[in-house]
Asks: 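Encoded as C-alpha cells, here's the structure I'll be asking about.
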There are 2 protein chains.
Amino acid sequence: MINYDDKYLKRGASASKSEVHSAIKNTDKGIFPGAFCKIIEDRLGNDPEYCNIMHADGAGTKSSLAYIYYKETGSISVFKGIAQDSLIMNVDDVIAVGATSNILFSNTIGRNKHIIPGEIIAEIISGYNEVLKMLNDNGIEIHSCGGETADVGDLVKTIIIDSTLTARMKRSDVINNDNIIPGDVIIGLASYGRASYEKHYNSGMGSNGLTSARHDLFTKIYMEKYPESYADKTPTEYVYCGKYNLSDGFGHGGLSVGQAVLSPTRTYAPIIKKIFDTIGRKNIHGIVHNSGGGQVKCRSFGRGIHYIKDSIIEIPPLFELIKNSTRTDYPEMFQVFNMGCRMEIILPESFAHEIIDIAKSFRVEAKIVGRIEKNPHSNIKNKVTITDPNGKRIVY
Amino acid sequence: MINYDDKYLKRGASASKSEVHSAIKNTDKGIFPGAFCKIIEDRLGNDPEYCNIMHADGAGTKSSLAYIYYKETGSISVFKGIAQDSLIMNVDDVIAVGATSNILFSNTIGRNKHIIPGEIIAEIISGYNEVLKMLNDNGIEIHSCGGETADVGDLVKTIIIDSTLTARMKRSDVINNDNIIPGDVIIGLASYGRASYEKHYNSGMGSNGLTSARHDLFTKIYMEKYPESYADKTPTEYVYCGKYNLSDGFGHGGLSVGQAVLSPTRTYAPIIKKIFDTIGRKNIHGIVHNSGGGQVKCRSFGRGIHYIKDSIIEIPPLFELIKNSTRTDYPEMFQVFNMGCRMEIILPESFAHEIIDIAKSFRVEAKIVGRIEKNPHSNIKNKVTITDPNGKRIVY
C-alpha cells in the first residue's frame with residue numbers, strides 16, 4: 001500500500017492540511033462554532049437576529065485535468081464544468097449551514113495567458129451563469145457580482161479558478177451541527193447517477209482528491225506531453241503513474257475515464273432547499289458536506305459523538321477504479337474521497353422516510369447509512385466507524 | 001522603445017485585458033454603472049435604500065518577487081506585505097465608491113507545498129490581521145471571515161494570494177463617478193513617502209505592472225536560480241533582463257531595490273474616510289483608484305469628459321528607475337504604473353484646499369494635478385491628457 005500523505009507531499013499538495021490548520025488555530029471561530037461554516041454577527045446589517053457567512057473555495061487541480069482534456073479534444077466546454085466545481089464547492093458548504101437566499105457570488109481566475117485563450121474565460125463565465133440560473137430555478141437565490149481575471153503566467157502554470165459566496169441569514173435558520181445527538185440517524189445522499197437537474201450522468205467525483213486521482217489514473221504519456229499540468233518538483237515516479245488514457249472507456253454513463261474524473265461536482269442545494277421547506281429546519285440536527293476529508297469529515301462536528309456508518313451507499317465505479325489503480329486501501333480512500341456520498345443529513349429517524357422520498361423525487365439515491373451514538377471514550381472528541389464493502393469496520 | 005503589449009504577452013500576462021473585457025462585455029453593469037466598482041441592489045438585506053458590492057482582486061505576480069526575496073534573505077516577513085497588497089487592492093477599490101463600514105473580508109491562497117512552508121501561510125494571515133487592525137483603528141470597519149488555503153502544486157508555481165470584500169451601504173452614500181463635470185478639479189494623492197499610518201518609507205509601487213517591473217529591473221541571475229518564479233514559455237530574452245540585484249541600494253528610504261519594488265501597496269482609506277467625515281460625500285463628484293491602467297484609469301469614468309492633468313505629482317524614484325531600465329517612454333509608463341499617484345479625487349475647486357490639508361495631516365503629499373473639461377470631440381467617449389515631466393502633452 002502506498003502512503004497517501006507521503007504521495008500528497010511529493011506532489012506539492014496535502015491530504016490533511018495540518019499546517020494550514022495550525023496557521024489559523026487562534027482564529028476566532030464565530031458565533032456558531034459548531035456549524036459547518038464559520039458564521040459571524042450581522043456585520044452587514046447590524047441586526048441581532050441575523051448573521052453573515054463569507055466562504056471561499058475553488059476547483060483545485062481539477063482545472064489541470066480540464067486543461068489536458070481541452071488540449072487532447074479541442075473542446076473548451078469542459079471548463080463550464082470547472083466553473084460548476086468552483087461554485088458548488090461553496091454552495092454546498094453554505095447550504096450545510098442553511099443559507100438558501102440573500103447570497104452574493106464573486107470569482108477569481110488566475111491564468112497563464114501563454115496557453116489559456118480568452119474563449120476559455122468566456123466559457124467559465126458562461127458556466128457560472130448556467131449553474132446560477134439552475135440554482136435560482138430551484139429556489140436558491142444567488143446573485144452574481146462578477147469577478148476578477150488576472151493574467152499571472154509567472155504564478156500559474158495553466159489556470160486556477162476560485163469562488164467566494166457571501167450570505168446573510170436569520171440566526172434562527174442556521175443548521176448548527178452542535179445539535180447532533182445520540183439516537184439520530186445519518187441519511188446519505190448519493191454523489192453519482194443523474195439527478196433531475198443534471199444534464200449528464202455524474203460519476204460522483206466532486207472536487208477533492210483530484211491530485212491523487214489524476215496522477216494515479218492517467219498514463220505517463222501526459223507527463224511528456226503536458227509538463228505544464230503538474231508541479232516541477234514532483235518526482236517523476238509520482239507523476240501520471242496510472243494506466244488510463246483520458247479517452248479510454250469508463251463503462252458507465254457513456255463517459256470516458258477522463259470525462260468521469262471531470263464530472264462536474266453535483267450540488268445538493270435543490271434537494272436540501274426542498275427538505276427545509278417540507279420538514280422544517282428545526283428538525284434537522286446537522287448537515288455534513290463530505291468535501292476535503294471525505295466520509296470522515298463528520299468527525300469535526302459535535303462533541304463526544306460516535307458516527308457509525310454501517311450501511312453506506314454503494315461505492316460507485318469511479319472510486320473502485322481509483323482504489324484498484326492505486327492499490328489504496330479503504331481506510332485511506334474514505335478519508336480522501338466522498339466514495340459515493342457527498343452529503344449527509346443527521347436527524348431523528350422519524351423524518352428519514354420523507355427525506356429519502358424528496359431525494360428520490362430529484363432522482364438522487366438516498367438511504368439511512370448509519371446512526372449517532374455517544375462516543376464511549378470521550379465527552380469531547382468524536383469517533384467515526386465505517387463498515388467497508390467487505391464488512392470490515394474501519395475506525396477513525 | 002520596447003512594445004509593452006508584446007512584452008506582456010510574451011510573459012503570459014497582459015496590460016490591456018482586452019480579452020477579459022470581451023468575455024464579460026454582456027455582463028450586467030449594476031445599479032450605478034458609472035461608479036468605480038460594480039454595485040448591485042441590496043440582495044443581502046432587500047432594503048431599497050441600500051446596495052451591495054462584492055469585489056475580488058489579488059497581489060498578482062508581486063508574490064513571485066516576494067518568494068525570491070524570501071529565498072535570498074531567509075526572511076518570511078516580506079509576505080506580510082503581500083497580504084497587504086492583496087487586501088488593499090480591494091479596500092482602495094471599494095473606498096472609491098464610498099464603502100467604509102459593514103464590510104466583510106475573505107481570502108484564498110493557492111500554494112505549491114513543495115516550496116512554500118506553513119510559516120509563510122501563518123505570516124500572510126498575520127499580515128492580513130495587522131492591516132485590518134490598522135484600518136479599523138482609522139474607522140474603516142472590515143470584519144475577517146477567514147479564507148481558504150489550497151495546496152495546488154500542480155497549478156501554482158509558488159503562491160497566489162487573492163482577497164474578496166463584500167460591502168453593504170446606503171445608496172445615498174455611494175460616490176458615483178457619473179457626477180464628474182466640467183469645471184471640477186482633480187486632486188492627486190501621492191503613492192510614495194511615509195504616511196502617518198505606515199511603518200516604513202513606501203516607494204509607491206502598488207500591485208500593478210509587477211510582471212514588467214520584476215523582469216525589467218532584475219538580473220538574469222534569478223532566471224537560473226529561480227525557474228519557479230516565471231512562466232516556462234516566456235522567451236529567455238524577456239526573463240529578468242534588468243541590471244539590478246534585489247539587494248542593490250535604492251538610495252531612498254533606506255531600501256534596497258528589491259524592497260522598493262516590494263513596498264506594500266499604500267491604502268488611502270484612512271484619508272478618504274476623514275474626507276467623507278469632514279467635507280461630506282455629496283461634495284465629491286468622483287474618486288478614481290489608479291490600479292490597472294495607471295494614470296489613464298480615469299478614462300473609463302464619466303461621459304464626454306476630458307481629464308487634463310497638467311500639474312502631476314512629482315514622479316518618485318522607483319518609476320524613473322523602471323523607466324530608465326526598460327527604455328520605456330512616458331506614454332507607456334503612465335498606462336501601466338501609477339507613477340506616484342494612485343488615488344484621485346474629483347470635485348469643485350472650493351474643497352481642494354481642505355482635502356490637501358487632510359492628506360497632509362496623514363503626511364501624504366497632495367495637490368491639484370489637473371481639471372475636468374468637456375471632451376470637445378465626443379459626448380460619450382472620454383479623453384485624458386497628461387503633461388509629462390518634460391512638458392510634453394500625452395493624449396489618450
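Note that this is a predicted model, so its numbers are computed, not measured. Chain letters run A, B, ... following the sequence lines, proteins first, then strands; residues in each count from 1.
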Asks: Taking atom CD of B:Glu49 as the centre, does the number of heavy atoms from other residues, nucleotides or ligands within less than 6.0 Å exceed 12?
Replies: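 Open.
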Asks: Counting only heavy atoms closer than 4.5 Å, note whether B:Thr166 contacts chain A via side chain, backbone, both or neither.
Replies: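 Interface part for B:Thr166: both.
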Asks: Counting only heavy atoms closer than 4.5 Å, note whether B:Asn129 contacts chain A via side chain, backbone, both or neither.
Replies: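 No part of it gets close to chain A.
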Asks: Is B:Asp154 close to A:His215 at the side-chain level, that is, under 4.5 Å between some pair of heavy atoms?
Replies: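 A side-chain contact exists here, since the closest heavy-atom pair is under 4.5 Å.
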Asks: Search all heavy atoms of B:Leu44 against all heavy atoms of A:Asn102 and return the closest pair with its distance.
Replies: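 Scanning both residues completely, I find the closest heavy atoms to be CD2-O, 3.3 Å.
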Asks: In terms of heavy-atom proximity below 4.5 Å to chain A, should B:Asp162 be classed as side chain, backbone, both, or neither?
Replies: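 When you check distances to chain A, only side chain atoms of B:Asp162 fall under 4.5 Å.
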Asks: So which part of B:Phe105 gets closer than 4.5 Å to some heavy atom of chain A, the side chain, the backbone, both or neither?
Replies: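 For B:Phe105, backbone heavy atoms alone lie under 4.5 Å from chain A.
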Asks: Is B:Ile120 close to chain A through its backbone or its side chain, or both, or neither, when contacts mean heavy atoms under 4.5 Å?
Replies: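 For B:Ile120, there is no contact with chain A at all, as no heavy atom is under 4.5 Å.
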Asks: Would you say that A:Ile40 contacts B:Leu104 through its side chain, given a criterion of any heavy-atom pair below 4.5 Å between the two side chains?
Replies: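 Contact flag for A:Ile40/B:Leu104 side chains = yes.
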Asks: If you count heavy-atom pairs within less than 4.5 Å of chain A, which of B:Thr158, B:Thr234, B:Ile109, B:Ile124 leads?
Replies: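 Greatest number of close heavy-atom pairs with chain A: B:Thr234.
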Asks: Side chain, backbone, both or neither: which part of B:Ser101 has a heavy atom under 4.5 Å from chain A?
Replies: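 Neither part, no heavy atoms under 4.5 Å.
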Asks: Run through A:Leu210, A:Thr211, A:Val156, A:Thr61 and flag the one making a side chain to side chain contact (heavy atoms under 4.5 Å, CB included) with B:Val152.
Replies: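 Answer after filtering A:Leu210, A:Thr211, A:Val156, A:Thr61: A:Thr61.
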Asks: Heavy-atom pairs under 4.5 Å with chain A - which of B:Arg214, B:Glu141, B:Arg168, B:Arg43 has more of them than the others?
Replies: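 Of B:Arg214, B:Glu141, B:Arg168, B:Arg43, B:Arg43 has the most heavy-atom pairs under 4.5 Å with chain A.
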Asks: Indicate yes or no: at least one non-hydrogen side-chain atom of B:Ile159 is less than 4.5 angstrom from one of A:Leu155.
Replies: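 Side chain of B:Ile159 against side chain of A:Leu155, heavy atoms only: no contact under 4.5 Å found.
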Asks: Show, in sequence, the C-alpha distance, side-chain angles and deciding distance for A:Asp232 and B:His114, and conclude whether the side chain to side chain contact (heavy atoms under 4.5 Å, CB included) test is met.
Replies: CA-CA 9 Å; A:Asp232 297 335; B:His114 282 308; over 6 Å; no
Asks: Rounded to the nearest 0.5 Å, what's the gap from OG on A:Ser144 to NZ on B:Lys38? Could you check?
Replies: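 The OG atom of A:Ser144 sits 5.0 Å away from the NZ atom of B:Lys38.
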Asks: Within a strict 4.5 Å, meaning less than it, do heavy atoms of the A:Glu148 and B:Thr164 side chains meet?
Replies: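 A side-chain contact is absent here, since even the closest heavy-atom pair is not under 4.5 Å.
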Asks: Does B:Cys145 reach the side chain of A:Ile53, with side-chain heavy atoms less than 4.5 Å apart?
Replies: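 Not touching, per the 4.5 Å side-chain cut-off.
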